[in-house]
Every structure is written in C-alpha cells, then in structure tokens.
Participant: 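My questions all concern the structure below.
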Amino acid sequence: MTREFPFQLKAPDLLKTEAFVNGAWVPASSGKRFDVEDPGTGETFASCPDFDESDIDAVVRSSQEAFQHFRKENPRSRAEKLLAWDHLIRQNRDDLALVLTYEAGKPLAEAYAEIEYALGFTWWFAGEAERVRGNLSTPAAPNRRVLVVKQPIGVAAALVPWNFPIAMILRKVGAAFAAGCTMIAKPSPETPLTCLVLANLALQAGFAQGGGGFVQASPRQESVFYWVNPNWELDCEHCAEGLKKVTLELGGNCPFIIFDDCNQDQALEALLTLKWRHAGQACITANRVYIQEGIYEEFLTKLVERTKTIKLGHGADPETKMGPLTTPRAVIKAQAHIKDAVGGGARVAFGGRTGSDMGLSGGYYHEPTILCDVDQSMLISREETFAPVLGLLRFSTEDQVVEWANNTSMGLASYCFTKSVDRTWRMMENLEAGMIGMNTGNSSAAESPFGGMKQSGYGKESGKEVAVEEYLVSKTVTMTLEDHY
Ligand SMILES: O=CCCC(=O)O
C-alpha cells in the first residue's frame, strides 16, 4: 500500500516497505501487513508485510545459497563491503535518523547519536574481518602438527529489539559478516523500517542478495520465527535441542552507586546522560540509584533541578530533549512502578505524570520521574522499569550497598562513583555484572565486549575477544609428517 510518510526523505527511494528476501523486495505470501505507529502521535504512518511460517523457508533457503558464496569470499573483500556499507550509512544518515525518530520516538539528536554509535560496529567489524585467526601447535606425539582452523558457522539469525534498532542490527550483522556468515535479521514489529533502509544500503554496498534476509512480522506472528523451521531454531530451548550456538543479550536492572567521596558533578552528568537516554529505554540504563547518606539530600536536589529542564515532545521537534516511550505498554509499566513505590512509602520528588495527565494529546509520553526514599522491596528495585523513572535509595556502608546491588537475578551493568582507588578495585571485583562503569555512565562501544551475567544473557557482542568468535566454528586438523620431530 502506498502511503504518504509524515516526513520528507532526501532520497525517497531509500525506504521500501516490503520485506527483503534474496535481494528483492517482497510482500508476505498471505498478503497481510501490519501497521507501524509514530509513538509521538500514536498514529499509523506505514505498514510492513506480516511474514508467517509459510514465508520462512524461502528466506532460509536463499540465505543458505548466499552463504555458500559468501563463506568463500576473501576477508579483505568482506571488509571492503563492510566499509562501503559504513560509507553509505554515513551518506544517508539524515534520512535514517528521520525514519528512526518516527518509528522509535527518540529525539533527532539521539537518533544521530545512535547512528554514530552504530557506525562504530561497521567500522570495527570491517577491521575484524581480516583478523580471524586459527593457530598452529606441535603436540606431544612425534611427527605431528595440529592446526585449528576457523570457519563461518552458517546462516545466523538475529532478533533485534526496538530501543536501538540500528545499533543492535549492526552490532550483530557486522560480526556475522566479518566472520563470513549470512544473516536473517528480524527487527521488532515496533521498529521495522530502519532495518529495511539498512538492507537497501547493504545491497548497494555489494553484499550479494543483501547478505541474507531482512524480514518483518507483527507481534501476532513473531513467535513462529522461534520454532517453525528446523534450520532456524531461535529460542534458547530450541537452540539447545538443535545444538545451535546462541548469544543472548537480555534485560538489566542496573544499580548506580554514588559514594560520598565521589566527584558529584561527574556522577550527576553521567546519571543524567545514562538515565534519560531514549527516555530510560535502554537495557543498561540505571534503574536504582544508591546514594551514600551524607550526600543524599544534596544530590537529590541537584538531580531534580537538572531534570526539571528536560523538554518533553515529539522527537522531530528540535527543541525536544525527551521523546515519547515507544509503546503504550511502557507507560502502563512506568505508572505501575510509581504506584507500587508510593504505596510502599516512597515519595515523588519530581514528575510522575503521563502525557495525557500533562495535556499532551496523542503519543506515549511520560514525564521524567524521580522517586526518593525507595527501598529494596519495591518493584523499581526488583524489576527493569524501561521507562524514565528513577528510584533513589539511601545507603550507609560499602558492604550493605554491594549486597543490595547484587540482590537481583540480573547482572547486565553496574555503575560506581568513588575517588578511592582501593574501593574502586573492591567494587570492580565484587559487583555482579557483565559490564562495570567506574566513574562513568554509558560505556557501550564497538571495541568493548557487551553482555551480561546471571539472567541478563550469555555470550558477548562487540569487542575483540569473542564477538566474531560467536559466529565461527573451529576445526582441529592433525597432520602426521615424515621424518620430522
Ligand atoms: O539497550 C541495550 C543496548 C544499549 C547499548 O548498546 O548501549
């Protein structure tokens, strides 16, 4: 269906609204489509093909065919294509940012920041493509040499979240392409459009058949992607059954710990940037802020003063500092966490209102909200809020705060602010999290491993050590030589 977008692209042909299979733009075989909403107005502005099980075989088959060529491609050629893709994304970043703002709701400045972050992955993995290495050793048995050869694992599949739809696709696809795998990427139904722009640019960058498939499905159909095709089993249980390699990047409930010997301005700036980024919709955002009792009131006052200046509005309005939440269910969850905390004795130090309470018509807005006198029993301390709501807790000792910070099934990121070197080391070793920010908020970067422990996932994305390794298999080759040693 042709529809007028509420925005004007510099390159109107960039955004196709069909799925991308075998290098072509195709509808769902059922002809069904699902709607894409602008979270800033709640209005539908596009639609996408609603793939179901009858569409999947063709995607898997063509990605397997493409893989047979791609696995033999020279690493330098893969690196050049990743760089060409990087270049095209840079060239088209204004359009990409606009599409991102309309589908995810984030302010334009944040959309540009996400693209910049995401380009780190194309750049980084272009370099990594040529650095895939096996090894050679001399074993105890005489006259032998052992080679470990690394090869791409096959067609990979990525289920991509809606909060950073560009960065999260490039973090996965970049590593897969560097390894020589093709990939089927399925974006979240809330944000299917930026993925299609990336697919279009991948084709232009020279990836044959686009390097895999980029397919869409509504929430109703999404689950079929987890189990329908024996070659493409995705959830953890099915991956275990089929012995498929899997990497999971899941939720967080991240503690942000502020000791009284910290630089308060540094802690404040880091918290503001981390917490209000995409209205709190980041897995590594701070959910619970532990402030040592001596500086609690002073820090709270500063935090409220700065938060008051945040202007809420549509992401495309250049004045906007915080956009809407991407989904209406996020507003409901934010309100539930506030209600639970207030019911348990917490106080709203700032905010608390939804967009409709504030007279904003349409969209899924929520005021940035600071709750003080929160305790460990409240929902906001126990669950990921994924909204612009922050819980502040008072602590007295290091032992107490470490126990509270770790008292969760999650272990994605933890943050700690102190100027004591000894404490820095203790906190680094005692906090249970896959990523630790020391006097730093968001530390995500293409060159650093990203991933959690406990129920926040397993495996790592990005960085040097393991990211490409997740897409490789090892072969051990033992050779007997004559008249050797
Ligand atoms: O929400 C998860 C990803 C956020 C990030 O990569 O910084």
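Start at 1 and go down the list; that is how both ligands and their atoms are numbered.
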Participant: Can you name the residues that form a ring-ring contact (aromatic ring centres under 6.0 Å, His included) with F259, not counting sequence neighbours?
Facilitator: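 Result, ring-ring contact (aromatic ring centres under 6.0 Å, His included) vs F259: F395.
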Participant: Could you go through the ring-ring contact (aromatic ring centres under 6.0 Å, His included) check for F125 and F177 one step at a time?
Facilitator: CA-CA 8 Å; F125 286 118; F177 285 1; over 10 Å; no
Participant: What residues sit with at least one heavy atom under 4.0 Å from ligand 1?
Facilitator: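 Near ligand 1, by chain and number: Y117, N163, F164, M168, R171, R277, A282, C283, I284, S444, F450.
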Participant: Hey, is K419 close enough to D261 for a salt bridge, meaning N to O under 4.0 Å?
Facilitator: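 Looking at D261 together with K419, the answer is no, because their closest N to O distance does not fall below 4.0 Å.
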Participant: Considering residues at least two apart in sequence or located in another chain, which fulfil the side-chain hydrogen bond (donor to acceptor under 3.5 Å, both in side chains) criterion with E269?
Facilitator: R306
Participant: Sequence neighbours left out, what passes ring-ring contact (aromatic ring centres under 6.0 Å, His included) with F450? Give chain and number order.
Facilitator: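 Expected list: none.
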Participant: A quick test of your reading: do over 12 heavy atoms of other residues, nucleotides or ligands sit less than 6.0 Å from CD of E398?
Facilitator: yes
